[in-house]
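Both counts, for ligands and for their atoms, begin at 1 and track the order of listing.
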Amino acid sequence: MYIRRMFAQKPCVFSLEFFPPKQELNWPKLQTTLQQVKGLQPDFVSITCSAGGSGTGGVSTCQVASYVKNQLDLEPLAHLTCIGTDRRGVEENLDRLFAAGVRNLMLLRGDRNPAVAQFRDFEHASDLARFVRGHYGAFGLSGACYPEKHPEAESLCADVDKLKIKQEQGVTHLITQMFFDNLYFYRFMNLIRKQGIDLPVSAGIMPIVRRSQIDRTLALSDAKVPEAFHRLLVRWQDDEAGLYSAGIDYAIGQLRDLIEAGADGVHIYAMNNADVAQRIHRGIADLLLS
Ligand code: FAD
């Protein structure tokens, strides 16, 4: 089913994100993880890709998406980037994904990396959207958005202006960058609605459950850390088990607030951890039913 249609059928669409393992030998582990989360009945499962547009090495995005669709009977959302590949590479990826039965794509530019060759066939995700809509009309298209603005954008308003181009070029659903303070999400939603962006938006939440995630994830995402979350990180940083459950509780608190405030969807960056996904789901399941 096209993801856009799910929003007409449910008050809050629930989704999970996974990444392809870097090494083939970890593929059975991810398969087990995906089997474990099938019971949560996520409305869709998104699978990330490298800046080159495919997997991150051993296992491709298409391979994982195909497994989700054909072995687990869940709806995959395959990520596709354009900065690290040319038009031909994009076409090959699209053909492979279509043949595997994938019908929903998350179209992304990918992060600029000075150490890696960049292609100019598609400058922005909206250029990729125009191409896919024109040549591969059978795909439903999702795109990324940034409640605290994209790091390269001059301002949030400038970024939202560019976001409007994604909508004009055929993107019909958005997923946000992670954020730890819901106020940024509510401010962003007000702004995009005022600017005429009426697409359903899934709020992306990442539970921080390991010390290694703290610096890496927070630095990469540019997300601001509210005082309450900062206190939590300081308090539990040297207690593995304490951080694990405090991080999950914090994410559940954020998610309950978002669902109660009427978020179209919630998207969990599950980091290939079935236990995290299950605990989070348990913490919000009552709200997803209502
Ligand atoms: P764009 O929409 O092209 O935006 C990039 C910048 O250009 C922004 O500052 C924007 O304001 C500006 N801009 C946009 N359109 C125009 C235009 N037409 N003219 C001028 N300026 C414009 N990366 C991966 O490599 N793999 C993944 O699987 C992946 N998944 C992601 C999932 C989510 C939910 C999110 C939020 C991000 C993900 N990323 C992923 C990261 C993403 O690739 C980076 O954030 C990247 O820097 C921007 O991608 P974009 O698609 O938002 O780019």
Side-chain angles (χ1 to χ4, degrees), residues 3 13 15-22 44-57 59-62 64-65 76-85 89-90 93 97 102 104-116 118-132 141-171 173-179 184-185 188 191-192 195 197 199-206 217 219-223 265-272:
I3 286 173
V13 169
S15 54
L16 298 169
E17 179 165 310
F18 297 89
F19 56 88
K22 284 200 175 101
F44 66 89
V45 173
S46 90
I47 303 108
T48 67
C49 69
S50 67
S54 180
T56 37
V59 183
S60 72
T61 303
C62 183
V64 182
L77 171 65
H79 293 209
L80 182 70
T81 52
C82 57
I83 198 167
T85 186
V90 164
N93 273 326
L97 289 162
V102 174
N104 290 290
L105 300 175
M106 174 77 176
L107 299 182
L108 298 143
R109 186 194 69 185
D111 277 325
R112 293 194 193 285
N113 179 351
V116 178
Q118 290 175 25
F119 291 79
R120 309 302 290 257
D121 290 8
F122 307 98
E123 283 281 340
H124 288 288
S126 52
D127 301 318
L128 184 59
R130 184 174 51 234
F131 174 76
V132 177
L141 308 183
S142 299
C145 62
Y146 304 82
E148 297 177 65
K149 89 172 183 63
H150 184 267
E152 290 166 29
E154 270 173 32
S155 65
L156 184 60
C157 286
D159 201 22
V160 168
D161 275 349
K162 303 295 184 271
L163 187 59
K164 213 166 168 190
I165 305 176
K166 274 187 200 174
Q167 173 172 272
E168 289 159 4
Q169 296 305 336
V171 165
H173 161 236
L174 297 168
I175 303 180
T176 75
Q177 176 63 288
M178 72 186 79
F179 54 89
Y184 289 106
F185 177 78
F188 174 75
L191 186 61
I192 66 167
Q195 296 302 321
I197 298 173
L199 306 180
V201 179
S202 297
I205 296 297
M206 178 178 283
T217 309
L220 275 178
S221 74
D222 258 6
V266 286
H267 183 71
I268 317 300
Y269 294 106
M271 301 302 289
N272 291 9

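Near Ala153, with a cut-off below 4.0 Å to any heavy atom, the atoms of ligand 1 are 9 (O). Short contacts between ligand 1 and Ile175, defined as distances under 4.0 Å to a heavy atom of the residue, involve ligand atoms 34 (C). Taking every heavy atom of Thr48 and a limit of under 4.0 angstrom, the matching atoms of ligand 1 come to 28 (O). Within the listing of ligand 1, atoms 35 (C), 36 (C), 52 (O) sit less than 4.0 angstrom from a heavy atom of Ala144. Atom numbering of ligand 1 starts at 1 in the shown order; those under 4.0 Å from a heavy atom of Ser126 are 18 (N). Residue contact check: Ile165 has heavy atoms under 4.0 Å from atoms 18 (N) of ligand 1. Interface atoms of ligand 1 facing Gly110, defined by a heavy-atom separation under 4.0 Å, are 43 (O), 46 (C), 47 (O), 49 (O).
Checking only distances, Cys145 never comes within under 3.5 Å of ligand 1, N or O to N or O. Any N or O atom pair closer than 3.5 Å counts here, and Arg109 shares at least one such pair with ligand 1. Distances between N or O atoms of Leu108 and those of ligand 1 include no value under 3.5 Å. No N or O atom of Gln177 sits closer than 3.5 Å to an N or O atom of ligand 1. Every N/O-N/O distance between Glu17 and ligand 1 stays at or above 3.5 Å. Residue Tyr146 has at least one N or O atom closer than 3.5 Å to an N or O atom of ligand 1. Note: an N/O pair closer than 3.5 Å links Cys49 and ligand 1 by distance alone. Taking distance alone, with nitrogen or oxygen atoms compared against 3.5 Å, His79 approaches ligand 1 more closely than that limit.
Side chains of His267 and Ser15: a donor on one and an acceptor on the other come within 3.5 Å.
Between Gly204 and ligand 1 there is no heavy-atom distance shorter than 4.0 Å. Within the structure, ligand 1 has Lys166 among the residues with a heavy atom less than 4.0 angstrom away. For the ligand labelled ligand 1, residue Phe122 lies outside the 4.0 Å heavy-atom shell.
Each of Val102, Val45, Ile175, Leu16 was evaluated against Leu77; a single residue qualifies, Ile175, per the side-chain contact (heavy atoms from CB on, under 4.5 Å) test.
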Practice problem: Report the C-alpha separation of Val171 and Leu199 in whole Å, then their side-chain angles, then the decisive distance to 0.1 Å, and conclude whether the side chain to side chain contact (heavy atoms under 4.5 Å, CB included) test is met. | Solution: CA-CA 8 Å; Val171 165; Leu199 306 180; 4.1 Å; yes

Quiz prompt | Residue pair Glu17, His79: steps toward the side chain to side chain contact (heavy atoms under 4.5 Å, CB included) verdict | solution = CA-CA 10 Å; Glu17 179 165 310; His79 293 209; 3.6 Å; yes

Practice problem: Would you check, one step at a time, whether the test side chain to side chain contact (heavy atoms under 4.5 Å, CB included) holds for Val64 with Phe19? | Solution: CA-CA 9 Å; Val64 182; Phe19 56 88; over 6 Å; no

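Contact detail for Ala203 and Phe179: the closest heavy-atom pair is CB-CZ, 3.9 Å.
Under a 3.5 Å cut-off, the side chain of Asn93 and the backbone N or O of Val90 do not form any donor-acceptor pair. Without hydrogens or angle criteria, Thr81 side chain to Leu108 main chain gives no donor-acceptor distance under 3.5 Å. Checked by atom type and distance alone, the side chain of Thr85 never pairs as donor or acceptor with a backbone atom of Phe119 at under 3.5 Å. Using modelled atom types, no side-chain atom of Asp222 and backbone atom of His150 make a donor-acceptor pair closer than 3.5 Å. Between the side chain of Thr61 and the backbone N or O of Thr48, at least one donor-acceptor pair lies under 3.5 Å.
Under 4.0 Å from ligand 1, the heavy atoms of Thr81 that appear belong solely to its side chain. Of all the heavy atoms of His150, the ones lying under 4.0 Å from any atom of ligand 1 belong exclusively to the side chain. Residue-level proximity to ligand 1 for Met106 is carried by the side chain, the only part with a heavy atom below 4.0 angstrom.
Within the structure, salt bridge (Lys or Arg N to Asp or Glu O under 4.0 Å) contacts touching residues 156-165 (residues at least two apart or in different chains) do not occur.
Remark: Ala223 engages Glu148, Phe180, Ser221 in a side chain to side chain contact (heavy atoms under 4.5 Å, CB included) (not counting sequence neighbours).
Note on ring orientation: taking the six-membered ring where Trp is involved, the planes of His173 and Phe44 are perpendicular (angle over 60°, cut-offs 30° and 60°).
Taking each of Asp127, Asp111, Val160 in turn, the one with a heavy atom nearest to atom 41 (C) of ligand 1 proves to be Asp111. Scanning Ile47, Asp159, Leu174, Thr61 for the heavy atom closest to atom 10 (C) of ligand 1 points to Asp159.
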